[in-house]
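To find a chain, count down the sequence lines: A is the first, B the second, and so on, and within it residues start at 1.
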2 protein chains.
Amino acid sequence: MRMSEGVEWALHECLNLTWLEPGEAVTAARLAKYYELPTAYLNKQLQALTRAGILDSTPGPRGGFRLARRPEDITMMDVVTAIEGPDGAFRCEEVLRRSPGDHEGADYRKSCIISQSMRRAELAWRRELAAVTIADLKEIVESRHPASPGAILRGLRT
Amino acid sequence: MRMSEGVEWALHECLNLTWLEPGEAVTAARLAKYYELPTAYLNKQLQALTRAGILDSTPGPRGGFRLARRPEDITMMDVVTAIEGPDGAFRCEEVLRRSPGDHEGADYRKSCIISQSMRRAELAWRRELAAVTIADLKEIVESRHPASPGAILRGLRT
DNA sequence: GCGCATTTACTCGGATATTTTATGTCCGAGTCTCTTGGG
DNA sequence: CCCAAGAGACTCGGACATAAAATATCCGAGTAAATGCGC
């Protein structure tokens, strides 16, 4: 069980984009260069964020990516779901269905206590991630590292 | 991000083993046959559980696997950790270290707010799983499906 | 009939293939900008 | 000087390789039981 590395990239880049002027866009190449990431692969993640309605993309010169909505309206859960997909980590394959006996009309994804317990745990995980917005992250960074926003802006623009 | 299917198998088999007589062992072949699982691969998972101290294994005739401790002392988290390994789903690769500027002596696994938030979420997940023991599962099954234990025992012994 | 050495069959355990997933790369479609020529 | 048409360059977007991990399989080391032999 390992989360895609793209999640870490996506969260950092979303956070970085919060410090841009409204309407200002940054290309995938500049975002990638800032963390020395492979440009084309980061682009792939940014596309996923765009499909999820988290980013807006504009092609052509002066194009690039920008946040599609206010940072207050983007949760960490939104970003994780955009990159990793909507399915949870535990996928009940209903092994009980293959055991001896009759299983007519049984949905073990719902009735199996193991499946239920795993789902309950993942729900707690999702709740934590859904409680933190990009705006929260921005505020904490500005409070702890006041010099960072300026440095990031400079990095993204050069 | 997808959890190994072996986790589902391991949980079900640990639960099944709770209904055996004390000291009674079941071979990997019988455990696999009950759910029509690939024997050798299930054996691999059982080995992982053995290394983790959850199961005891004895070779030779009349050998097999049994629980190494009381079901009350085995949590779902124990089983998940045994199969998936000790590392969490989110692995902070410290992308901040690759950004412009000085990073002497910084441990972004601890200081980065994104890493912190992800860890907090996983902690909530672990807490839920650690709160449920195999004994809890056993009790619920016996309460909801009184006929199951007998059927399982018969299945494992034939 | 009883005890002991030997054989035999059975089990786990780890080393070895195969399939799936994640990672990384490349080139084309579309769009905005800049240039350039004419009015 | 102003405007419009066209060329050019830049960007995203999805299709295509490569690397890593999960899945599945096989065979050997070790063990306990069963067998056969001698007493």
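Regarding contacts with the backbone of C:dT23, a side-chain N or O of A:Ser4 is found under 4.0 angstrom from either OP1 or OP2. Note on A:Arg51: a side-chain N or O is less than 4.0 Å away from OP1 or OP2 of D:dG14. The phosphate of D:dC10 has neither OP1 nor OP2 within less than 4.0 Å of any side-chain N or O from A:Thr27. Contact between the side-chain N/O atoms of A:Thr58 and the OP1/OP2 oxygens of D:dT11 is not found at any separation under 4.0 Å.
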Inset, instruction - Before giving the answer on salt bridge (charged side-chain N to carboxylate O under 4.0 Å, His left out), spell out for B:Glu94 and B:Arg109 the whole-Å C-alpha distance, their side-chain angles and the decisive distance to 0.1 Å. - result: CA-CA 6 Å; B:Glu94 299 192 279; B:Arg109 286 187 170 82; 2.9 Å; yes
Legend entry - Step-by-step salt bridge (charged side-chain N to carboxylate O under 4.0 Å, His left out) determination, B:Arg91 to A:Glu5: CA-CA 8 Å; B:Arg91 323 271 173 93; A:Glu5 198 176 342; over 6 Å; no
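In this structure, CD of A:Glu5 is placed 15 Å from C1' of C:dT21, rounded to the nearest angstrom. A:Arg2 places its CZ atom 9 Å from the P atom of D:dA22, with the value rounded to the nearest Å. The distance from atom CE of A:Met1 to atom P of C:dA22 is 14 Å, rounded to the nearest whole Å. The interatomic distance linking A:Arg62 (CZ) with D:dC12 (P) rounds to 13 Å, in whole Å. Atom CD in A:Glu93 sits roughly 16 Å away from atom P in D:dA22 (whole-Å rounding). The interatomic distance linking A:Leu42 (CG) with D:dG13 (P) rounds to 13 Å, in whole Å. For the pair A:Gln47 CD and D:dG14 C1', the computed distance is 7 Å after rounding to whole Å. Here D:dC27 presents its C1' atom at 14 Å from NZ of B:Lys44, a figure rounded to the nearest Å.
Side chains of A:Cys92 and B:Glu8 form a contact here, defined as non-hydrogen atoms less than 4.5 Å apart.
Closest approach to the B:Phe65 side chain among C:dG13, C:dG24, D:dG13 is made by C:dG13 (side chain taken as heavy atoms from C-beta onward). Of all nucleotides listed (C:dT23, D:dA24, D:dA32), D:dA32 comes nearest to the side chain of B:Pro61.
In this structure, a donor-acceptor pair under 3.5 Å is present between the side chains of B:Thr58 and B:Arg66. Side-chain polar atoms of A:Asp78 and A:Thr81 form no donor-acceptor pair below 3.5 angstrom.
Nearer to the 5' terminus of DNA chain C, by closest-nucleotide assignment, is the contact made by A:Gly6 (compared with the other of A:Pro59 and A:Gly6). Both B:Gly60 and A:Ser57 sit near DNA chain D, but only A:Ser57 has its closest nucleotide nearer the 5' end. Across the interface with DNA chain D, nearest-nucleotide mapping of B:Glu84 and B:Pro38 shows B:Glu84 to be the residue nearer the 5′ end.
A:Ala28 comes within contact range of the sugar-phosphate backbone alone, with a heavy-atom separation under 4.0 Å but no base atom that close.
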